[in-house]
There are 2 protein chains.
Amino acid sequence: MTPATTAQSLLEGWQRGNVLAADCPSRPLLAHVTSRWGTLVMIVLLTGTFRFSDLRRRIPGISERMLAQTLQQLEADGFVLRTAFQVVPPHVEYSLTAPGQEAAAHVAALANWIEDNLTRLKPPAARGTDPETAKA
Amino acid sequence: MTPATTAQSLLEGWQRGNVLAADCPSRPLLAHVTSRWGTLVMIVLLTGTFRFSDLRRRIPGISERMLAQTLQQLEADGFVLRTAFQVVPPHVEYSLTAPGQEAAAHVAALANWIEDNLTRLKPPAARGTDPETAKA
DNA sequence: CAGGATCCTAAACGATACTG
DNA sequence: CAGTATCGTTTAGGATCCTG
């Protein structure tokens with residue numbers, strides 16, 4: 001850590017509009033939104049407001065821990081709005097903020113593009129034997 | 001491996017257009033393109049054709065291994081075109097395929113959106129003390 | 001120059017048990 | 001119901017050395 005960590009010096013390290021810089025503030029945000037579960041949570045929330053359990057059911061394979069963690073990140077980032085009703089048993093609803101909806105739209109656009117263009121990419125045969133799957 | 005692995009039976013496991021299914025074929029593709037370095041490689045390649053060393057220099061912080069691995073994945077997926085000239089010393093050029101450019105455009109759009117909307121998301125104070133950074 | 005091989009650390013992830 | 005705490009496993013990622 002350098003002695004003079006002023007706003008000025010911080011700005012010197014990365015050019016504005018450069019996601020490539022390792023210390024670009026947008027990197028963690030991008031990471032959260034493009035993370036394994038972050039992507040799916042954003043896509044699901046794009047379709048409505050849901051409770052914790054609803055989200056778990058709609059995202060097959062996600063664990064409680066990962067869902068909670070992902071939601072907290074996205075909330076801290078300002079993508080997700082968490083609304084807790086003070087009742088017992090607890091009732092919490094999750095939805096997208098206004099910026100969250102815009103970001104989610106981009107994420108969904110990418111996901112949809114990939115689905116729609118699967119055949120233009122590598123042929124099914126190649127996809128079946130890629131290193132990821134065949135590593136066993 | 002089930003006895004009848006027909007196209008039909010494969011289609012039964014996941015509904016078309018559902019990235020949420022754990023076994024959706026688009027998931028690995030999405031994962032590669034949204035991976036830490038995959039994103040950056042795609043964005044850089046969107047601006048032109050580059051050699052291995054060029055890419056390393058343009059993506060600060062990436063290691064040889066990760067660059068090689070990322071490029072191989074993206075090539076296997078059909079996003080990246082690898083052109084090797086048979087000369088010594090070796091000369092290899094990387095560029096985006098046609099579908100790769102479309103995919104990269106989506107990735108870049110998301111990254112740019114985040115940069116442009118940083119201030120609409122959490123205030124700088126919150127970003128400075130998020131769990132990721134302050135975990136030490 | 002463009003990687004492959006190897007070894008290692010850190011982080012992500014998952015399962016389970018428990019609590020207000 | 002909506003999480004937290006803890007633990008163990010798996011994977012991503014990094015450093016280094018080596019080769020065609």
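A, B, ... follow the sequence lines: proteins, then strands. Residue 1 opens every chain. Atoms considered below: every heavy atom in the structure, side chains included; atoms not considered: hydrogens, waters and symmetry mates.
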Nucleotide nearest [X] when distance is taken to its side chain, options [options]:
| X | options | answer |
| --- | --- | --- |
| A:Met66 | D:dG13, C:dC13, C:dG3 | C:dC13 |
| A:Arg51 | C:dG14, D:dA2, C:dC1 | D:dA2 |
| A:Ala68 | D:dT4, D:dG14, D:dC1 | D:dT4 |
| A:Tyr94 | D:dG3, D:dG13, C:dA2 | D:dG3 |

Non-hydrogen side-chain atoms of A:Arg120 and B:Glu102 separated by less than 4.5 Å: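 The answer is yes; the side chains approach within 4.5 Å.
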
Net bend of the helix from C:dC1-D:dG20 to C:dG20-D:dC1, end axes of five pairs each, nearest 10 degrees: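 End-to-end axis angle for the helix from C:dC1-D:dG20 to C:dG20-D:dC1: 50°, rounded to 10°.
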
Rounded to the nearest angstrom, tell me the gap between atom [atom1] in [X] and atom [atom2] in [N].
| X | N | atom1 | atom2 | answer |
| --- | --- | --- | --- | --- |
| B:Ile59 | C:dA2 | CD1 | P | 14 Å |
| A:Leu40 | C:dA12 | CG | P | 17 Å |
| A:His91 | D:dG3 | NE2 | P | 11 Å |
| B:Arg65 | D:dT11 | CZ | P | 14 Å |
| B:Phe50 | C:dA2 | CZ | P | 13 Å |
| B:Leu67 | D:dA15 | CG | P | 14 Å |
| B:Gln73 | C:dG3 | CD | P | 15 Å |
| B:Gln69 | C:dA2 | CD | C1' | 16 Å |

OP1 or OP2 of D:dA12 under 4.0 Å from side-chain N/O of B:Ser35: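 False: B:Ser35 side-chain N/O out of range (4.0 Å or more) of D:dA12 OP1/OP2.
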
Side-chain N,O (A:Arg36) to OP1/OP2 (C:dA12) below 4.0 Å: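 Answer is no, no contact under 4.0 Å.
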
Criterion side-chain contact (heavy atoms from CB on, under 4.5 Å) against A:Thr70, the qualifying member of A:Val80, A:Val41, A:Thr39: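 Per the side-chain contact (heavy atoms from CB on, under 4.5 Å) rule, the option paired with A:Thr70 is A:Val41, out of A:Val80, A:Val41, A:Thr39.
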
Sugar-phosphate, base or nothing in reach of B:Gln72, heavy atoms under 4.0 Å: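 Sugar-phosphate: the residue B:Gln72, judged by heavy atoms under 4.0 Å, touches backbone atoms but no base.
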
Sugar-phosphate only, base, or nothing, as touched by B:Arg56 at under 4.0 Å among non-hydrogen atoms: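 The answer is nothing, as B:Arg56 stays clear of every strand by at least 4.0 Å.
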
A:Leu46 reachable from A:Phe79 in the ILVMFWY side-chain graph, under 4.5 Å edges: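 As far as the 4.5 Å side-chain criterion goes, A:Leu46 and A:Phe79 are connected within one cluster.
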
Shared hydrophobic cluster, A:Leu118 / A:Leu110 (ILVMFWY, side-chain heavy atoms < 4.5 Å):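 Same hydrophobic cluster.
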
Whichever of B:Pro90 and B:Glu64 has its nearest DNA chain D nucleotide further upstream toward 5':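 Looking at DNA chain D, the more 5' nearest nucleotide goes with B:Glu64.
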
Ion pair check, A:Arg27 and B:Glu115, cut-off under 4.0 Å: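 B:Glu115 and A:Arg27: not salt-bridged.
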
Side-chain ion pair, A:Arg57 and A:Asp54, N-O less than 4.0 Å: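 The answer is yes: the pair qualifies as a salt bridge.
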
Working for side chain to side chain contact (heavy atoms under 4.5 Å, CB included), residues B:Met42 and B:His106: CA-CA 10 Å; B:Met42 293 291 278; B:His106 279 99; over 6 Å; no

